[in-house]
Amino acid sequence: MNDTVVHRDSLFARALDSDLFHSFIRSPVTVISALLTVIMITAAMLAPVISPQNPFDPATLNLMEGFTPPMQPNEFTGNVYWLGTDAQGRDIFSAILYGSRVSLLVGFAAVGFAALLGITLGLISGYLGGWVDALIMRIADVQLSFPAILIALLIFGVFKGVVPPAMQDQVAIYVLIVAIGLSDWVQYARTVRSSTMAEKNKEYVQAARVIGVPAPLILLRHILPNVMGPVLVIATIGLALAIILESTLSFLGVGVPPTQPSLGTLIRVGQDFLFSGEWWIVFFPGATLLILALSVNLLGDWLRDALNPRLR
Amino acid sequence: MPFPPPPHAAANVDHASSGGNAGHGGSALAPGEATVSAGAVATPPAAGTGAAPLLSVRNLRIEFPHRRGTLVAIDGVSFDVARGEVLGVVGESGAGKSLTGAAIIGLLEPPGRIAAGQVLLHGEPIHTLPPEKMRRIRGRRIAMIFQDPLTSLNPLFTVGQQITETILTHRDISEKAARKRAIELLAEVGIPAPDQRVDHYPHQFSGGMRQRVVIALALCAEPELIIADEPTTALDVSVQAQIITLLKKLCREHHTAVMLVTHDMGVIAETADRVAVMYAGRLAEIGPVRAVVQNPQHPYTRGLMGSIPVLGADVHRLVQIEGAMPRLNAIPPGCAFNPRCPHVFARCHSERPDLLPAQDTLAACWLYAHPADQDRPGTKQSPNVESAPRAAGPVTASAFQGLTSRGSAVNRDAKTDTDGENDLAQGGSR
Amino acid sequence: MNETVMTETTLPPPRAPDVPLLLVEDLKCQFEVSKPFLNRLIEREPRRWLKAVDGVSFTIDRGETFALVGESGCGKSTVARLVVGLYESSDGRIVFDGRDIATIKSGAERQKLRRRFQMIFQDPFASLNPRWRVDRIIAEPIRVFGLATDDATISQRVAELLIQVGLSPADGRKFPHEFSGGQRQRICIARALANNPEFLVCDEPTSALDVSVQAQILNLMQDLQDALGLTYLFISHDLAVVRHMADRVGVMYLGRLVEVAASRTLFDDPQHPYTRMLLATIPDITMSRAREETARGEVPNPITPPPGCTFHPRCPLANERCRREAPALVPIAKGHLAACHAIEEKRLEPLKK
Ligand SMILES: Nc1ncnc2c1ncn2[C@@H]1O[C@H](COP(=O)(O)OP(=O)(O)OP(=O)(O)O)[C@@H](O)[C@H]1O
Ligand SMILES: Nc1ncnc2c1ncn2[C@@H]1O[C@H](COP(=O)(O)OP(=O)(O)O)[C@@H](O)[C@H]1O
Ligand code: SF4
Ligand code: SF4
Ligand SMILES: [Mg+2]
Ligand SMILES: [Mg+2]
């Protein structure tokens, strides 16, 4: 009897040996994207620690330092700013760190909200079928026929009309999250619904039904873990889209309040100076947004391809 | 019906087995040696002429290069198919039946490749042909029938268009004549009202009808060999019987040879002239169908035959081969069947057996080695110990008595699992 | 044997021995196969129904193996699913151990009943949750029925079950993909045994397996039946397997039972023309007889079954009455039922041997 000998590698060792990891290592673009994403997320999280100044504390700003070009000493104080400063003498590098923090926060939260909503509705729709399914899917169809930005703008319009102006700045960020999330849940719902319809007919689900496991538990314990693969892919790509949508809204001036600027706000503010020669004020936030969105998107693309043959 | 020569006539086989029995691919490359290998004896020359058999497969070895090493899926398989003969190929799933078929017809999916050995059509190697030439052989001289008829039929064209087009690519006749031939073919495969059905689309046919159409399609170039991979597995039992009867009748009429790949021993018993039994990518036994089915020699074939429930036989327990076929990356050294074999002895662990004459068949088993060839006299067993010819009837458990009395309800095969699909996931280490 | 900690408390309550464990009466089940509402409206098509099971009646005694055979699509699996409650019947009764299932309304009562039967499925690759470890899979029924609550007892029971089906307790820590088809089917059997059921519904338990593995599983099922006194509803399209396993056999064609008899009677002296045709199509391994005739035709589309006896387009004995009037399943000998006008009219020739 050799039952007692259970030889098992650690989870980490097995992960390193997995096909997923190998396909990752063999794709340089993916490795670079992942590195960039990790660096940007870490930098954003550590913004208060690593940024040279707190760009939104008026006390640290010096108007004399306004419009300092990148890598050049300021003509009055002699200070050098890597990425230059804006009109108020705010360090662009610090502003970007803080701005990506807001952008990422909104992005992650919006994706989380959209995924939660979409997965729940998709599971219910796919498992119950019938008129519940028809209702949810028709709503999804209608929603899909409007551009995401239009929906987000609509929700913002309602928000502006309902919430008293004094409170608007405080809750704006939550509204932004909900608005972006609501514009994006359909994808999750559709994917989860179709996977659920396939899974619910598999015999392991039938086996659970035979012994009388209640439907919510079947959905949660049996079906959900088995439909999460594609969701992960959508969520990654969705993160890039959410960040861009947030920036767009902020750029249009309906997003986060100027007291908590995101990358989009920085770009909006900066574009005023684009044609007066101060290119860096808009260029660096723009480039950051581009790199962030592109890296996350490439990561999602890779994940989709790497997981696909396994999805069966 | 072709039968192999009696075992004693095959003296050169013993020579081959003692000369090149290392069997791990080294000797497989030498073509000179390959021609005298056991496989050559498996098929008698067709119709008594000295001509090469229609198809010869010699020491075929198929590999899948992989991140963690190379997986050897087929290892040293040799057999012949004579003109007009039906060769059945049986084995459990993952034994390598389909891969052998795909290799012959040049449809191995990359990264799979023929690493050694030869495929000869009328003595001409075809495994080295460029894809363009291979495509011309495929369809015209060798046709293929798959398990799912829908994969071979284009849903967008009527069956008539598809058959006519295939006829026109292979033969130089007018379109009208081709259509007439198409209707004839449909009638021949037993489709009622063929002059109307010829204009129907595949989805308007039932599963059995579709498989008939596929057979008509395979026949339209009058090929010399049809490779049929599980042609009846997707069909209902009653339809399966019809298709088998049809295939058999047509091949007899057209003198077409068939390599019939299936896991269903019943189909083989009804259809084939000879049977090749595959196990873990190797040939375990090959011989005339009657001999293999009623008086199998290889311990695996015996177990296999005993494990099939037979109508009219009142057995309380089926014969059970303990354990499971090894994964491709964990084939034991020596005889691949040794962990499960009730007759295993020392030599089985160290040397790989070649096909050796055993009664009326050839079996890859050391039990049938020539006594002079047995290097460990102490372990020598009489090959005939339990292979007394049995009357027509179900194979009894005699060969496996040792096993079944040991095996209770509890069968411990936790360590060896087959599951071919996971070979890659688990990684090969050859 | 592996006596379990729970056996004593879960023994079936004593009952009159003449009550069959399962009684199915005039069971019907239809599925809607109409096009979506809007298409139907535009194309002016009526709603269409597929009668998957159309009036099936049989009984299964305690400790017996009753088999259903028939070609694909004839409704075997639907009967199995109706019996375990995966589908709702549209008509008829299912009486388990003397109690009509439809009369049980309360959830607790239903769970009490569910504890007494289990199901084994055809596809060993789909019937285990790929994300769960084997021990969690096998423990699920124990947890759901509250047969044990503390982890130590449960894992001990899981280990016993694994040994019982021929696996090792260490296999409990693995995931399903690490096993071969036959081993997965063993895991399914272990799960089915976890709540000490009396009755197992086995829907083609070996159809996806190779013959040598099939022999292992069939032997295991027989051993378990002997050891635990299980009752099986055994479904298969393989007549030889049915002959080997079953005590009594029901032959189905297009949603109806056409013949029911003891296994030996059915195979030695089949009466219904369809049963005879099925038997004639079995490839003969012993090669003792030459196949003289093969079956005719194919199973018709179940959405538009032929009128009268649904077998008449393929039946060599069909006459005018067969095309008009559906035959009822009636006793033709002791314990032998068949639905065929030719038998009633004594037009049937005895089977040549
Ligand atoms: N593309 C591939 N990559 C790696 N291994 C492969 C590949 N194709 C087949 N194999 C392996 O080769 C072996 C033989 O495969 P093959 O398809 O010939 O089996 P088979 O006998 O036809 O089985 P089945 O009855 O299931 O069709 C299997 O173990 C399979 O896992
Ligand atoms: N959920 C369903 N919806 C529609 N038709 C179904 C459903 N389940 C089964 N059927 C149909 O019912 C008939 C009987 O099915 P089934 O019992 O699965 O057959 P089998 O004898 O192969 O097990 C078939 O024609 C099948 O297509
Ligand atoms: S060679 Fe040895 S192990 Fe292999 S089948 Fe023969 S006796 Fe068994
Ligand atoms: S009732 Fe008529 S058609 Fe049906 S099986 Fe009997 S003889 Fe044949
Ligand atoms: Mg195959
Ligand atoms: Mg079924």
Side-chain angles (χ1 to χ4, degrees), chain B residues 91-93 206-209 236-242 244-245 263-271 289-290 293-294 303-313 315-322 324-325 392-394 407-415 417-422 425-426, chain C residues 71-73 125 163-168 170-171 177-184 186 209-216 218-220 222-224 226-227 237-245 264 267-268 277-288 291 294-299 301 314:
Chain B
E92 348 201 324
S93 101
S206 67
M209 290 286 185
D236 274 331
V237 272
S238 63
V239 183
Q240 174 175 330
Q242 300 167 11
I244 288 170
T245 319
H263 63 262
D264 189 336
M265 206 61 180
V267 170
I268 294 279
E270 291 239 315
T271 323
V289 66
R290 207 163 261 282
V293 169
Q294 289 177 1
L304 187 68
M305 293 310 303
S307 63
I308 303 173
V310 180
L311 278 187
V315 287
H316 180 59
R317 283 180 70 84
L318 296 166
V319 174
Q320 168 172 332
I321 318 175
E322 302 292 317
M325 197 171 74
S408 62
V410 177
N411 162 35
R412 317 212 56 258
D413 55 359
K415 276 277 142 192
D417 35 7
T418 39
D419 205 2
E421 286 174 7
N422 288 314
Q426 301 295 314
Chain C
E71 293 176 86
S72 85
F125 295 88
I163 292 171
Q164 202 167 18
V165 298
L167 296 171
S168 91
D171 289 332
H177 73 253
E178 298 175 59
F179 295 90
S180 67
Q183 290 173 319
R184 286 186 215 198
R186 288 173 192 270
L209 306 175
D210 286 305
V211 273
S212 61
V213 183
Q214 163 172 288
Q216 296 175 350
L218 293 180
N219 284 344
L220 172 67
Q222 278 185 330
D223 293 334
L224 290 171
D226 293 345
H237 65 263
D238 185 332
L239 289 148
V241 168
V242 164
R243 170 77 177 90
H244 178 73
M245 292 295 288
R264 185 179 291 268
F267 285 94
D268 292 351
M277 187 194 90
L278 267 189
L279 285 171
T281 58
I282 307 177
D284 181 18
I285 299 205
T286 60
M287 297 190 290
S288 53
R291 184 200 293 286
T294 51
R296 304 196 299 177
E298 292 180 35
V299 182
N301 183 350
R314 307 173 75 188

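Chain letters run A, B, ... following the sequence lines, proteins first, then strands; residues in each count from 1.
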> Counting C-beta onward and ignoring hydrogens, is there a side-chain heavy-atom pair between C:Gln214 and B:Pro309 closer than 4.5 Å?
yes

> B:Met265 and C:Val211: side chain to side chain contact (heavy atoms under 4.5 Å, CB included), yes or no, with the steps?
CA-CA 9 Å; B:Met265 206 61 180; C:Val211 273; over 6 Å; no

> Please determine whether side chain to side chain contact (heavy atoms under 4.5 Å, CB included) holds for the pair B:Leu318 and C:Gln222, giving the CA-CA distance in whole Å, both sets of side-chain angles, and the decisive distance to 0.1 Å.
CA-CA 10 Å; B:Leu318 296 166; C:Gln222 278 185 330; over 6 Å; no

> Which pair of non-hydrogen atoms, one from C:His244 and one from B:Arg317, has the smallest distance, and what is that distance?
CE1-C, 4.3 Å

> Which heavy atom of C:Ala215 sits nearest a heavy atom of B:Gln320, and at what distance?
O-OE1, 4.2 Å

> Side chain, backbone, both or neither: which part of C:Asp238 has a non-hydrogen atom closer than 4.5 Å to chain B?
neither

> Does C:Asp210 use its side chain to pair, donor to acceptor, with the backbone of B:Ser93 at less than 3.5 Å?
yes

